[in-house]
Amino acid sequence: MSKFGWLRKVKEFSEKHPIWRGMISYATIWPVGSLVQQHVEGRDEMDLARTARFLFFGSCYVAPTLNLWLKLARHMWPQNNLSSALAKAAVEQISYTPFAMVSFYFGMSLLEGKSIKEANHEVADKFFPTYKVGVCVWPVLQTINYTFISEKNRVPFVSACSLVWSTFLAYMKHLEGSHFKPPIALPLKHQ
């Protein structure tokens with residue numbers, strides 16, 4: 001095997017099993033987003049358990065569900081043109097996105113050891129503020145994704161875009177208190 005033969009093997013494997021490409025990219029991007037958020041928060045020591053939860057949830061839940069959604073969207077709108085991309089992005093905002101956000105707050109709360117009641121409360125408090133931000137960002141990114149990005153690279157493209165999004169989710173996830181007022185932009189330091 002040549003010096004870089006292992007790279008060829010990795011490429012062949014990821015082309016044969018595309019879900020792994022997404023899982024690997026989310027296993028990188030989501031914990032990095034958590035670490036960035038903790039740094040912005042001004043933590044002296046990083047909470048590695050929090051970061052591990054982001055790694056697990058991003059790679060083992062978000063990547064597979066996103067992969068499934070992208071396959072379904074490709075089946076429903078097989079064309080790669082602007083009108084199909086706009087339809088996919090619009091349907092995603094009213095179907096997959098709410099599902100993903102509820103799953104995020106509920107699932108991450110359970111991973112933190114919170115009760116189902118506490119998880120439901122967090123979903124109720126944080127879903128709509130997060131959704132309002134997401135609806136401004138994701139339709140544009142997904143229209144680009146569905147129009148210009150090849151099928152095999154769509155989950156990795158979304159995961160790359162997710163660095164900023166996962167940082168924002170980490171920020172929203174760790175805001176405490178009932179009826180908080182989320183900011184328009186991330187603050188330099190959590191107060």
Side-chain angles (χ1 to χ4, degrees), residues 19 21-67 69-70 89 92-93 96-114 118-119 121-146 149 153-191:
I19 192 164
R21 186 185 346 225
M23 291 177 75
I24 291 166
S25 60
Y26 273 81
T28 305
I29 298 294
W30 273 52
V32 168
S34 175
L35 291 170
V36 168
Q37 180 272 332
Q38 291 179 56
H39 176 74
V40 169
E41 186 179 287
R43 293 182 67 91
D44 291 329
E45 292 184 32
M46 296 293 119
D47 182 343
L48 296 181
R50 181 192 298 186
T51 304
R53 287 189 295 271
F54 271 80
L55 183 150
F56 177 75
F57 194 81
S59 64
C60 296
Y61 185 81
V62 176
T65 61
L66 180 59
N67 187 59
W69 161 250
L70 291 173
E92 182 175 308
Q93 288 309 300
Y96 178 77
T97 299
F99 164 78
M101 287 182 190
V102 167
S103 298
F104 170 74
Y105 287 120
F106 192 82
M108 291 292 281
S109 292
L110 294 179
L111 288 173
E112 291 173 341
K114 292 181 179 177
E118 291 170 313
H121 182 71
E122 185 157 8
V123 169
D125 275 355
K126 296 179 181 178
F127 171 79
F128 282 111
T130 306
Y131 186 76
K132 286 189 259 182
V133 173
V135 82
C136 294
V137 174
W138 285 108
V140 173
L141 293 174
Q142 286 296 59
T143 300
I144 292 167
N145 192 19
Y146 294 130
I149 307 300
N153 291 320
R154 287 186 179 157
V155 171
F157 173 80
V158 172
S159 70
C161 296
S162 284
L163 177 57
V164 173
W165 183 248
S166 65
T167 302
F168 174 72
L169 286 178
Y171 170 75
M172 291 295 290
K173 174 72 181 103
H174 294 286
L175 281 177
E176 294 299 327
S178 229
H179 311 295
F180 63 89
K181 300 272 190 244
I184 302 294
L186 289 174
L188 292 177
K189 200 166 187 122
H190 184 72
Q191 298 176 351

Sub-4.5 Å side-chain heavy-atom contact between [X] and [Y]:
X	Y	answer
Q93	Y131	yes
M172	L175	yes
S166	Y26	no
W165	T130	yes
L35	F54	no
Y96	L66	yes
F168	V133	yes

Atom pair [atom1]/[atom2] of [X] and [Y] - distance to nearest 0.5 Å:
X	Y	atom1	atom2	answer
L169	F57	CG	CZ	9.5 Å
I149	L141	CD1	CG	10.5 Å
T65	F99	OG1	CZ	5.5 Å
F127	M101	CZ	CE	6.5 Å
I19	S59	CD1	OG	10.5 Å

*Flag if over 12 foreign heavy atoms under 6.0 Å of CZ, F56*: no
*Audit row: N153, R21, side-chain contact (heavy atoms from CB on, under 4.5 Å) steps and yes/no*: CA-CA 8 Å; N153 291 320; R21 186 185 346 225; 3.5 Å; yes
*Between M108 and H174, does a side-chain contact (heavy atoms from CB on, under 4.5 Å) hold up when you go through it step by step?*
CA-CA 11 Å; M108 291 292 281; H174 294 286; 5.8 Å; no
Heavy atoms only: give me the nearest [X]-[Y] pair and the separation to one decimal.
X	Y	answer
R43	M46	O-CE, 3.8 Å
T143	A89	OG1-CB, 3.6 Å
L70	Q142	CD2-NE2, 4.3 Å
P64	C60	CG-O, 3.6 Å
V102	V123	O-CG2, 3.8 Å

_Under the criterion side-chain contact (heavy atoms from CB on, under 4.5 Å), I'd like the reasoning laid out for T51 against Q38: C-alpha separation, chi angles, the key distance, then a yes or no._
CA-CA 9 Å; T51 304; Q38 291 179 56; 3.1 Å; yes
*Pairing of R154 and E92 as salt bridge, 4.0 angstrom limit*: no
*Hey, mind stepping through F106 and L110 against side-chain contact (heavy atoms from CB on, under 4.5 Å) and telling me if it holds?*
CA-CA 6 Å; F106 192 82; L110 294 179; 3.3 Å; yes
*asked:* Name the residue from K173, E118, K114 that meets the side-chain hydrogen bond (donor to acceptor under 3.5 Å, both in side chains) definition with S109.
replied: K173
*Any chance the rings of F104 and W30 have centres within less than 6.0 Å?*
yes
